[in-house]
Amino acid sequence: MYLSHILNSKKIALSLILGVFLTFISCKTFAIQHEEHAVAAEETNTEKEFSPSEVILEHIADSHSWHLWGHTTVPLPVILYTDQGIEMFSSAHFEHGHADYPGKYYTYRLVKDKIAIVGPGEELTAGANMLNMHKKLIDLSITKNVVSMWISLVLLLIIFLSVSAAYKKRAGKAPKGLQSFMEPIILFVRDDIARPNIGYKYQRFMPLLLTVFFFIWINNLIGLVPFFPGGSNLTGNIAVTFVLSVITLIIVNVNGNKYYWKHIFAPDVPVWLYPIMWPVELVGIISKPFALMIRLFANITAGHIIVLSLISLIFVFKSVAIAPVSVAFVVFMDVLELLVAALQAFIFTLLTALFIGTAIEEHHH
Amino acid sequence: MELVTPEIGLVFWTTVSFLVLFFLLGKFAWKPIMGAIDDRERSIEDALLKAEAAKEEMSRLTNENEVLLKQARAERDLILSEAKKIKDQIVADAKEAAHKEGARQIELARVEINNQKAIAMADVKNQVAQLSIQVAEKILQNQLQDQQKQDELVSQLLKEVKL
C-alpha cells in the first residue's frame, strides 16, 4: 500500500516533467518552423534549402529583437555609441534587416543581427567588439540577452528579497515556504563550496559566491525555457561568461596575500629559473578564469546546439516520422541540461571559491 | 569566430547589471539572510550546549542527592543504633536502680518488722508478766482468804524449807 503510493506519486511527477518538456519542445519546433517558413516565403517561392547551422547559430546568438511567437516580434531599443555621439532608436526601424536606418550621424544596417555603418559607397563598417576596439561604432543596445538578464535580475531580487523578509519576519524560527526551499541551497553554497575551499575567512566572500551561483543558475534555467521570457542563451554567451570570469580574476588577485604573490614572483626554484617561471605563473593567473569563461560558455552553448540540432533533424529529413525520435532525444537532453544548469553554476562557484582559497591561504612553514 | 567574440554592449550591460545585482542582493538579501542563519545556528548551538549543561547539572544533582541520601541513611542508622544503645543503657540502669531500691526497701522493711516484732514481743512479755502477776495475786488473794489455807501454805512452805 505504502509502496504503491510512492510509485503513483513518482509516476505523476514524471509525467508532469515530461509534459513540461514536451511543451518546450513543441515550442522550439514551432520557432524553427516559423523561421523556415518565413525564410521560404521571403525567398520568392523557390524553396530554400534548410540550413540547420544557420538556424542554430541564429538561435543561440544575441538579437536586437525578441521573437515571441508567430509573427509577433518585440523590437528592442538600439543604443549606439559612435565617434560622433550617442544614437538611440528602436530596432523596428530595421524591419528585420530589410531596411537601413538613417541615423543622425550615419546610416545603419542590420547585418546578421549586428549593426553596421553603411558608407556612401555601400561599404559596410562593422561595430567594435572586444577583439577590435578601435571602431567608430560601439553597439550598446538593449539586446535580447540584456532584457533576459534583467528579467533574471528582477526574479533574483524578488526571490531573495522575499526570502530575506521571511528571515526578518520569522527570526529564530524554522524556515517556511520559499525560504525553506532556498535555505538548503544557500547552506550548500556556504558549507560545500565556500567553507572547504576558502577556510575560516569565507564569510567575506559569501555575497559574491551566492550572487554568482544564483545568477548563473537562474540564467541557465531561463535559457532552457524555449519561449518568452526564456529562450535567450545568456550564460552561453561569451560576453557574459567573460564578465563573470573577469570578476573572479579581480576578486582573486585583489585578495591575494603575500604568500600568493611570493609563490608567483619568488617560487621555491633556483633564481635563474625565474625568467621562465614568471611568464608561466602570469599565464596561470589568466588561464584559470579563462578556463572558467570557456567552460560555462561551451557547456551551455553546446547544450543549446544539441537540442536545436535534434529539432532540426525533423526539417533536415522533411519527415514527421522522425519527430518522435527527435522529441525523445530532446527530452533526454533537456533533462540533462537541467542537471547541467545546476552543475555549471556549482562548478563556476566552486572554482571561484577554490581560486580565492588558494589566493588567501596562509602558509605555515 | 563571432560566437566566441565578446560583444562590448553585452559586456557593458552584464557588468553594470551584475554589479547592481551584487550590491542590491549583498545589502538587502545576503547580509540579513546569512546573519539570520548564523544567529539561528548560534542559538541552536547555544540551546544544545545549555541542554547538555543542564543534563550534566541534573546528573550531578542526582548524584549529589544520592550521596546525601546515603549519608542521611547512614546517619539515621547511626542515630537509631545510638538511641537504641542509650535506651538499653537507660533501661538497664533503671532496672538496676529499681532492683537496688527494692532490695533496700525490703531490707528496711525487714529491719522494721524485726523492730516491731521485738517491741511487740517485749510488750507481750510485759503483759504476760503483768497477767501472771495479776493471776498470781488473785490466786494468792483467793488462797490467803481463809486462815486455814494460810496456815497450810505456811506449813507447806515451812516443810519445803530445808534446814
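Labels below follow one simple rule: chain letters A, B, ... track the order of the sequence lines, proteins then strands, and each chain is numbered from 1.
With respect to chain B, the highest number of heavy-atom pairs below 4.5 Å among A:Gly127, A:Ala174, A:Pro175 belongs to A:Pro175. Annotation: maximal heavy-atom pairing with chain B below 4.5 Å, among A:Met182, A:Arg170, A:Gln179, A:Lys114, occurs at A:Lys114. Contact count versus chain B (heavy atoms, under 4.5 Å) is highest, among A:Leu161, A:Asp139, A:Leu210, for A:Leu210. With chain A as the partner, the residue from B:Ile37, B:Val20, B:Leu19 showing the most heavy-atom pairs under 4.5 Å is B:Ile37. Across A:Thr143, A:Leu208, A:Leu234, A:Thr301, the residue that shares the most heavy-atom pairs under 4.5 angstrom with chain B is A:Leu208.
For the atom pair A:Ile159 CD1 and B:Leu25 CG, the distance stands at 10.0 Å (nearest 0.5 Å). Between A:Ile247 atom CD1 and B:Phe18 atom CZ the span is 4.5 Å, to the nearest 0.5 Å. Annotation: the span from A:Thr211 atom OG1 to B:Phe22 atom CZ amounts to 5.5 Å, rounded to 0.5 Å. In this structure, the separation between CZ on A:Arg190 and CG on B:Asp38 is 5.5 Å, given to the nearest 0.5 Å. The structure places OG of A:Ser141 at 12.0 Å from CD1 of B:Ile8, a figure rounded to the nearest 0.5 Å.
Both the backbone and the side chain of B:Ser17 come within contact range of chain A, with heavy atoms under 4.5 Å apart. With a 4.5 angstrom heavy-atom cutoff, A:Phe160 touches chain B via backbone and side-chain atoms both. At a 4.5 Å heavy-atom cutoff, the contact between A:Val212 and chain B is made by backbone and side-chain atoms alike.
More than 12 heavy atoms of other residues, nucleotides or ligands sit less than 6.0 Å from atom CD of B:Gln105. In the displayed structure, A:Lys176 atom NZ is contacted under 6.0 Å by at most 12 heavy atoms of other residues, nucleotides or ligands. By the neighbour-count criterion of 12 heavy atoms within 6.0 Å, atom CD of B:Gln148 is sparsely surrounded, having that number or fewer from other residues, nucleotides or ligands. The environment of B:Phe12 atom CZ is dense: over 12 non-hydrogen atoms of other residues, nucleotides or ligands sit within 6.0 angstrom. Applying the 6.0 Å contact sphere to CZ of A:Phe188 captures more than 12 heavy atoms from other residues, nucleotides or ligands.
Within the 4.5 Å cutoff, no side-chain heavy atoms of B:Pro6 are placed close to those of A:Met293. Side-chain contact between B:Leu3 and A:Leu57: present, with at least one pair of heavy atoms (C-beta onward) separated by less than 4.5 Å. Side chains of B:Arg40 and A:Glu183 form a contact here, defined as non-hydrogen atoms less than 4.5 Å apart. Side-chain contact between B:Trp13 and A:Ile79 is present, with heavy atoms from C-beta onward closer than 4.5 Å.
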task: Given side chain to side chain contact (heavy atoms under 4.5 Å, CB included), test A:Lys168 with B:Ile33 step by step and report yes or no.
output: CA-CA 8 Å; A:Lys168 262 184 214 140; B:Ile33 290 175; over 6 Å; no
message: Evaluate B:Met34 against A:Ile186 for side chain to side chain contact (heavy atoms under 4.5 Å, CB included), listing each step before the verdict.
response: CA-CA 9 Å; B:Met34 295 311 290; A:Ile186 294 170; 3.7 Å; yes
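In terms of heavy atoms, A:Met149 sits closest to B:Thr14 at CE-CA, 3.4 Å. Shortest non-hydrogen contact noted between B:Thr5 and A:Ile238 is C-CG2, 3.6 Å.
Ring orientation note: the planes of A:Phe214 and B:Trp30 are close to parallel, at an angle under 30° on the 30°/60° scale.
A side-chain donor-acceptor contact under 3.5 Å links A:Ser164 to the backbone of B:Phe28.
Using modelled atom types, one finds no donor on one side chain facing an acceptor on the other under 3.5 Å when comparing A:Asn145 with B:Glu7.
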